[in-house]
Structure formats: C-alpha cells, structure tokens
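Just below is one structure, and these are the notes that go with it.
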Number of protein chains: 2
Amino acid sequence: MGDVKREVARAINLMSDNDLRVTPEREAVLEVLAENIGAHPSAEDIYLATMERHPGIGLATVYRTLDALERVGIVSKLELGASGSRYELNTDVGGHFHHHLICIGCGRITEFNQDLLEHLEKEIEDSTGFQITDHSLRFYGYCAKCREAAKGGETSRS
Amino acid sequence: MGDVKREVARAINLMSDNDLRVTPEREAVLEVLAENIGAHPSAEDIYLATMERHPGIGLATVYRTLDALERVGIVSKLELGASGSRYELNTDVGGHFHHHLICIGCGRITEFNQDLLEHLEKEIEDSTGFQITDHSLRFYGYCAKCREAAKGGETSRS
DNA sequence: GTCTATATGAGAATGAATATCACTTTCGAT
DNA sequence: ATCGAAAGTGATATTCATTCTCATATAGAC
C-alpha cells in the first residue's frame, strides 16, 4: 500500500537538492523503505531486504545511507536503547507529528497522530529558555493482540 | 541539595520490600545516586564515583545494581541511543511526571514537570486498545547556555 | 570523456552492556 | 550467634549494534 514509485522519486529529488549522490545502492535502500512504511524495520532488516534487490550491498553502506538520509530529513531514526534502532521513510502525507506505541510484549511499533505538543513546546521555551528543535513521545505497554493473548489473567489493576 | 541520607534510607527500605539484598556495593551506588540527583550520570560516571567510596567495585556490579534498582522502581533509566544510558534516583518528592530536555549542544539534561499526558493516555487506550504502562517524552534542542554561546549567528529560522 | 570528491565493500575496531564462573556474602531459619 | 541456600560480586570474556579504515569504484560537474 502506498505509492512506492512516487515516494522513491520524491526522495531522490530531495537527495539531489541536498547534494547527496544518487547511487544504485541508495535507490535500493529507498525502495525497501518505501515498501515497508509502517513496518519500522531495523538496519539489519533493511540490509537483508536490500540484498534481494541489490546483492552484494554492504551492511556499512546501509548504515551510511540511512544516516545520510536522516541528516537531510528523508528518513527518521527511532532509537530504542538495546535491540538497535528502527527506521522509517518520512512520507509526504502523514506529516511529522506522529508518536510511537511500543509493545513490550511483541515489540511491534505502531503510530499515533497528535499535535498536542506544539502548545507545550512554546510553554517550555518561554519558561526555561530551552530552544526546542525536536521531540520524541513514546508510549510503552501492551498492544491489543498481546492483551488478547494474555487473557485469563488479572484484568484490573489499582 | 536534597537529603542524601533520607533518600538512601528510603531506597534501602524499598530494596528489602522487594527482596533485593542490601550489600555495601549497592549502598555505595545508592549514595552516589542520591548525591547526584539532577545530574543524570552514566553507568561509567556512577562506577567512577562509587570507586572512591567503595574501591574495587566492578563495573558489572554497577550495571547489575542499576538494573535491579530499576526493576523495582527505585531508579529510572534514560536510554539515549549511542552514548549510553543515564540513570536517576526516583526521589520521594518530584514524582514521576517529569520529562527531559536534552541539549544537543552540550549534552546536558534537565527536567520539566508536567502532567498533561494522563488525558492523552486514556484517549489512546480507548481508540487503539493499546494498554499503556509507561511513557517517555523528550525534547531536543539548545539550552539557554548554548544559545548564549552561539549568539551572533542566525536567530530566525523558517 | 576527464577529473575529483564522494560512495562502496570487506572486515577490523569500538563501546556499551551482558554473560560466565568461581568465590563470597546476605539474611531467614534454626 | 550460626548455618546454609540463594543471591551478589569481581574479573574478564563475549555479544551485538554501529562505526571506522582503506583500497577501489563511481557519480556528476566540467
């Protein structure tokens, strides 16, 4: 789902605009990212998927590509302590104001759209002098599936 | 600032309550944590400071202690992708509803108290079926000091 | 096509965090 | 107070994600 070609073309334009060279390796990575929107793949996941499309690509190149794409805003990196980071293509639609719901049962990551933080950021800047350039809001807990799977246990909790 | 002895005593009680053994090593780590509230030290920082109080302690013990203390809620671990995690004693006062302002200039971490998320959590649980057990809200940007130091550059940004 | 800065692949290196294992200590039961 | 099983410790090896190194290859401006 989603227009893979369109997203890749858009990303390639952004690369040129930012003086990043467009190489076959980077295109392959972009295609993988565009085909996996919402999946939040790890660098390893992306590496393995890119291998099928561009055999011989090195893991280091995947990391370098993701890093370069992140620096110019084409991808977002979601840093999860241990267990490595996850990456996602910043789609045209969708905007940047989504936060993550991270299931501590199965590890699945889903998204939640919300703009509420704008107001809070202004309040923080005024009261602390801290100039905010980015934020990260995550919720940890159990997704519907994992709750289902755990049925039979205690349902209420004080 | 802050009552180190009181915080350590409180933490030790919590340890007993949670079947964690109270060892000299753990007490030393707790003292270091209580003396560094607000400093957000890394495991290495804590290790070095604890060494002065309890020479011979191993780095692994510091990690194990921090991990054990986190599991029972005595300390909070702030995971920062690379550059390792930071730790903080959960003080009696202060509560758990503070978020972090992380300066990408100097790395300093400060706090911001806010309760706004309660309402949002309920909304998410109702609309997605995701049962939230914890959350993490961080703001990245430049602290007042770093902004000061950078004076003279561009002030506005589209 | 030429040229030069940039990208790539392979594998070594890094660094935070964890595992291993023999030894020691805590703390409840006696 | 002492005993003993369970838990904790120190030293160090190990893991694993990520980055670095360096020789080679290629993109893209001219």
Side-chain angles (χ1 to χ4, degrees), chain A residues 8 11-30 32 40-72 74-87 107 109, chain B residues 11-30 32 40-72 74-87 107:
Chain A
V8 171
I12 287 176
N13 283 337
L14 284 171
M15 287 179 69
S16 300
D17 293 350
N18 286 279
D19 298 312
L20 286 183
R21 290 187 181 170
V22 180
T23 68
E25 291 83 1
R26 290 177 172 183
E27 290 190 79
V29 168
L30 279 174
V32 167
H40 304 279
S42 66
E44 187 77 19
D45 294 336
I46 295 165
Y47 169 62
L48 293 175
T50 306
M51 272 293 236
E52 291 173 15
R53 177 180 310 276
H54 188 98
I57 191 172
L59 178 55
T61 295
V62 172
Y63 274 106
R64 282 183 295 227
T65 297
L66 292 170
D67 191 50
L69 295 177
E70 195 209 358
R71 277 199 305 269
V72 300
I74 296 173
V75 313
S76 290
K77 180 180 182 178
L78 181 55
E79 298 192 342
L80 309 175
S83 83
S85 297
R86 306 305 195 82
Y87 300 84
I109 299 171
Chain B
I12 288 177
N13 282 337
L14 284 170
M15 288 180 69
S16 300
D17 292 351
N18 286 280
D19 298 312
L20 286 182
R21 291 187 180 170
V22 179
T23 68
E25 291 83 1
R26 291 176 171 183
E27 289 189 78
V29 168
L30 279 174
V32 167
H40 303 280
S42 66
E44 188 76 19
D45 293 336
I46 295 165
Y47 169 61
L48 293 175
T50 307
M51 272 293 235
E52 291 173 15
R53 179 182 308 277
H54 189 96
I57 192 172
L59 178 57
T61 296
V62 172
Y63 274 106
R64 283 183 293 227
T65 297
L66 292 170
D67 190 51
L69 294 177
E70 195 209 358
R71 278 199 305 270
V72 301
I74 295 174
V75 314
S76 291
K77 179 179 182 178
L78 181 56
E79 297 192 342
L80 310 175
S83 83
S85 298
R86 305 306 193 82
Y87 300 85

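Lettering of chains follows the sequences in order, A, B, ..., and the numbering in each one begins at 1.
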Please state how far atom [atom1] in [X] lies from atom [atom2] in [N], giving the value in whole angstrom units.
X	N	atom1	atom2	result
B:Leu78	C:dA17	CG	C1'	16 Å
B:Leu48	C:dA16	CG	C1'	14 Å
A:Met51	C:dA10	CE	C1'	11 Å

* To do: Mind jotting down which residue pairs meet the salt bridge (charged side-chain N to carboxylate O under 4.0 Å, His left out) criterion with at least one end in residues 13-22 of chain A? Sequence neighbours excluded, please.
  => none
* Structure fact -> Here the salt bridge (charged side-chain N to carboxylate O under 4.0 Å, His left out) pairs for residues 52-65 of chain B, sequence neighbours left out, are B:Glu31-B:Arg53, B:Glu35-B:Arg53
* **side-chain hydrogen bond (donor to acceptor under 3.5 Å, both in side chains) assessment of A:Asp45 paired with A:Ser42** => CA-CA 5 Å; A:Asp45 294 336; A:Ser42 66; 3.1 Å; yes
Check whether any side-chain heavy atom of [X] sits under 4.5 Å from a side-chain heavy atom of [Y], and report yes or no.
X	Y	result
A:Leu80	A:Ile109	yes
B:Val29	B:His54	no
A:Thr65	A:Thr23	no

* To do: Apply salt bridge (charged side-chain N to carboxylate O under 4.0 Å, His left out) to A:Glu79 and list each qualifying residue two or more places apart in sequence or on a separate chain.
  =>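 So A:Glu79 forms a salt bridge (charged side-chain N to carboxylate O under 4.0 Å, His left out) with A:Lys77.
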Who are the side chain to side chain contact (heavy atoms under 4.5 Å, CB included) partners of [X], not counting sequence neighbours?
X	answer
A:Leu59	A:Glu44, A:Tyr47, A:Tyr63
A:Asp67	A:Glu70, A:Arg71
A:Val72	A:Asn18, A:Leu20, A:Ile74

Minimum heavy-atom distance [X]-[Y], with the two atoms named:
X	Y	answer
A:Leu66	A:Val75	O-CG2, 3.7 Å
A:Ala43	A:Val62	O-CG1, 3.9 Å
A:Ile57	A:Met51	O-SD, 3.7 Å

* To 10°, what angle do the rotation axes through the five end pairs on each side of the helix from C:dG1-D:dC30 to C:dT30-D:dA1 form? -> 40°
* **Interface with DNA chain D, restricted to residues 57-66 of chain B and to heavy atoms under 4.0 Å** => B:Ile57, B:Gly58, B:Ala60, B:Thr61, B:Arg64
* Structure fact -> By ring pair (Phe, Tyr, Trp, His ring centres under 6.0 Å), B:His40 pairs with (sequence neighbours left out) B:His100
* To do: Walk along DNA chain D from 5' to 3' and tell me the first and last nucleotide with an atom closer than 4.0 Å to a non-hydrogen atom of chain A.
  =>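 Taking any atom under 4.0 Å from a heavy atom of chain A, the span is D:dA17 to D:dG28.
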Pairs under 3.5 angstrom, nitrogen or oxygen only, protein versus nucleotides 22-24 of chain C, please.
none

* Scan A:Ser85 against the nucleic acid and name what it touches under 4.0 Å (heavy atoms): base, sugar-phosphate only, or nothing. =>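 If one applies the 4.0 Å heavy-atom cut-off, A:Ser85 turns out to touch the sugar-phosphate alone, with no base involved.
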* To do: Please list, by residue number, the residues of residues 12-27 of chain B whose heavy atoms come closer than 4.0 Å to an atom of DNA chain C; answer none if no residue qualifies.
  => B:Arg21, B:Val22, B:Pro24
